[in-house]
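This report refers to the structure that appears directly beneath it.
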Amino acid sequence: MAKVKRNRTKWRTARTSDPLELYELAVQSPDAEVRMVDRVWKHFGRPGLPHSLREDFAGTCAISAEWIRRRATNSALCIDLDPAVLSWARRHHLSKLTPAQRRRITLRRADVCSANGGPVDAIAALNFSYFIHKSRRALVDYFRHIYGQLGPNGVLLLDAYGGADSFLELTERRSLDGFRYLWETLRYNPISGEVHMAIHFEFPDGTALRRAFTYDWRLWSIPEVTEALAEAGFRRSVTFWEGTDRRTGSGNGHFRPSTRGEACEGWVAYIAAAR
Ligand SMILES: C[S@@+](CC[C@H](N)C(=O)[O-])C[C@H]1O[C@@H](n2cnc3c(N)ncnc32)[C@H](O)[C@@H]1O
């Protein structure tokens, strides 16, 4: 397996790369995310384990595919507006599931703001996708809608990013397996809070996929999000803040329920809420 990866590294160029594959490699950790869903369930004192997951803004459905593999009793409903990305999910993730596993996952092309799917144990809306809601009213309406899609013990998992650098028009770069990932703030408007973001990929041969993905968002703060959740009916919410690696001073990948964060240059946090 490692050998295949090393060979791939040599081959990666803009022409031969699949942007959705690179997206997953750069910004997703489905294993950590499904563990986080279980953790949030326990954090709110829910009995047993959660089984049904709705993944909003599901994109390639990587989290749901992992959820299906995690327990034979798990089911997932993936919701995304883009038929192309859902068909990619079918080819790249559903094709790797067994027929029995495939029967437990449903892909639906729909708007998360109106899609119904029956009561579920957990909803995950990750990689800041709910930032598409630019007004407080739109954000609360979305949270109210998904509140209604949760069972009585239901929990919600979101994430958020921020920090001093998030208000600057900067590019963050990371070298990954045979390519470079760039996360650029193209424009931040301090008056409206709107932010335009882009993901670019660069390759060792000098080629690049510029603006492979772009986002037109509002950069919400954690208290704005938790207040909107409360207004939508969620009785409790909690922020999981990342610990700091003492050696490097950066995040250590361990998230703990916290009421006090750190005024650093950049942070990513999970926000969880319960009915
Ligand atoms: C940033 S990607 C998120 C992918 C994945 N959930 C993740 O964690 O990385 C955003 C996805 O949301 C979808 N999307 C945007 N607006 C939507 C809406 N109103 N309803 C459903 N899907 C939407 C887009 O098609 C895109 O696939």
Side-chain angles (χ1 to χ4, degrees), residues 18-37 40 53-68 76-94 105-117 120 122-135 137-146 148-149 156-161 166 172 174 176 181-186 194-201 209 211-220 225 228 240 255 268-272:
D18 177 340
L20 286 169
E21 184 199 354
L22 300 188
Y23 173 91
E24 287 193 346
L25 290 169
V27 304
Q28 287 202 289
S29 311
D31 180 52
E33 278 146 4
V34 297
R35 275 190 274 118
M36 197 64 200
V37 173
V40 164
L53 174 73
R54 163 172 159 151
E55 186 184 357
D56 273 4
F57 310 98
T60 64
C61 307
I63 296 167
S64 294
E66 189 60 31
W67 181 253
I68 290 298
L77 170 63
C78 307
I79 297 176
D80 200 284
L81 267 182
D82 183 353
V85 80
L86 290 176
S87 116
W88 191 98
R90 280 194 190 89
R91 288 197 306 279
H92 293 263
H93 287 302
L94 274 68
I105 184 167
T106 306
L107 273 52
R108 185 170 304 159
R109 182 193 176 191
D111 187 330
V112 294
C113 301
S114 53
N116 294 313
V120 290
I123 297 178
L126 293 171
N127 266 321
F128 329 118
S129 306
Y130 66 97
F131 284 7
I132 60 156
H133 302 299
K134 290 197 178 172
S135 68
R137 165 169 284 196
L139 187 66
V140 173
D141 283 351
Y142 168 60
F143 288 157
R144 202 170 272 137
H145 176 69
I146 56 176
Q149 300 299 307
L156 170 66
L157 178 64
L158 306 169
D159 52 10
Y161 78 91
S166 64
E172 174 199 321
R174 268 192 290 131
L176 295 163
Y181 159 81
L182 292 87
W183 175 238
E184 181 178 5
T185 304
L186 300 168
E194 285 173 293
V195 68
H196 288 90
M197 306 297 299
I199 290 177
H200 318 286
F201 300 111
L209 288 171
R211 300 194 182 202
F213 300 96
T214 55
Y215 305 101
D216 179 4
W217 285 340
R218 166 132 175 216
L219 182 57
W220 292 99
V225 173
F240 288 78
F255 290 83
V268 171
Y270 286 106
I271 301 172

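For ligands, and for the atoms within them, numbers begin at 1 and follow the listed sequence.
Of the protein's heavy atoms, D80 OD2, 2.7 Å lies nearest to atom 27 (O) of ligand 1. The closest protein non-hydrogen atom to atom 19 (N) of ligand 1 is D111 OD1, 3.1 Å.
At under 3.5 Å, a nitrogen or oxygen of N127, whether backbone or side chain, sits near a nitrogen or oxygen of ligand 1. For ligand 1, the polar-atom distance check against V112 finds a nitrogen or oxygen pair separated by under 3.5 Å. Considering backbone and side-chain atoms alike, F57 places an N or O below 3.5 Å from some N or O of ligand 1. Residue-to-ligand polar distances place L81 within reach of ligand 1: an N/O pair is separated by less than 3.5 Å.
Proximity of Y215 to ligand 1, defined as any heavy-atom pair under 4.0 Å, is confined to the side chain (atoms from C-beta onward). Contacts with ligand 1 closer than 4.0 Å are made by side-chain heavy atoms of I132 only, the backbone lying farther away.
Within the 4.5 Å cutoff, the side chain of R108 has no heavy atoms near those of the L86 side chain. Looking at I146 and Y130, their side chains never come closer than 4.5 Å, going by heavy atoms from C-beta outward. Between W220 and I271 the shortest side-chain heavy-atom distance does not fall below 4.5 Å.
Ring planes of F128 and W217: perpendicular class, angle over 60° (limits at 30 and 60°). The aromatic rings of F201 and F213 sit perpendicular, their planes meeting at an angle over 60°, well past the 30° parallel limit.
Scanning Y23, W217, F213 for the heavy atom closest to atom 2 (S) of ligand 1 points to Y23.
For ligand 1, the atoms sitting less than 4.0 Å from at least one non-hydrogen atom of A110 are 20 (N), 21 (C), numbered in the order shown with element in parentheses. Within the listing of ligand 1, atoms 5 (C), 7 (C), 8 (O), 9 (O) sit less than 4.0 angstrom from a heavy atom of Q28.
Remark: R35 engages D31 in a salt bridge, criterion side-chain N to carboxylate O under 4.0 Å.
Within the structure, the closest approach of V27 to ligand 1 does not fall below 4.0 Å when heavy atoms are considered. Using a 4.0 angstrom heavy-atom cutoff, S129 counts as in contact with ligand 1.
The structure places CG of D82 at 8.0 Å from CZ of R109, a figure rounded to the nearest 0.5 Å.
Between the R174 side chain and the A26 main chain, a donor and an acceptor come within less than 3.5 Å of each other.
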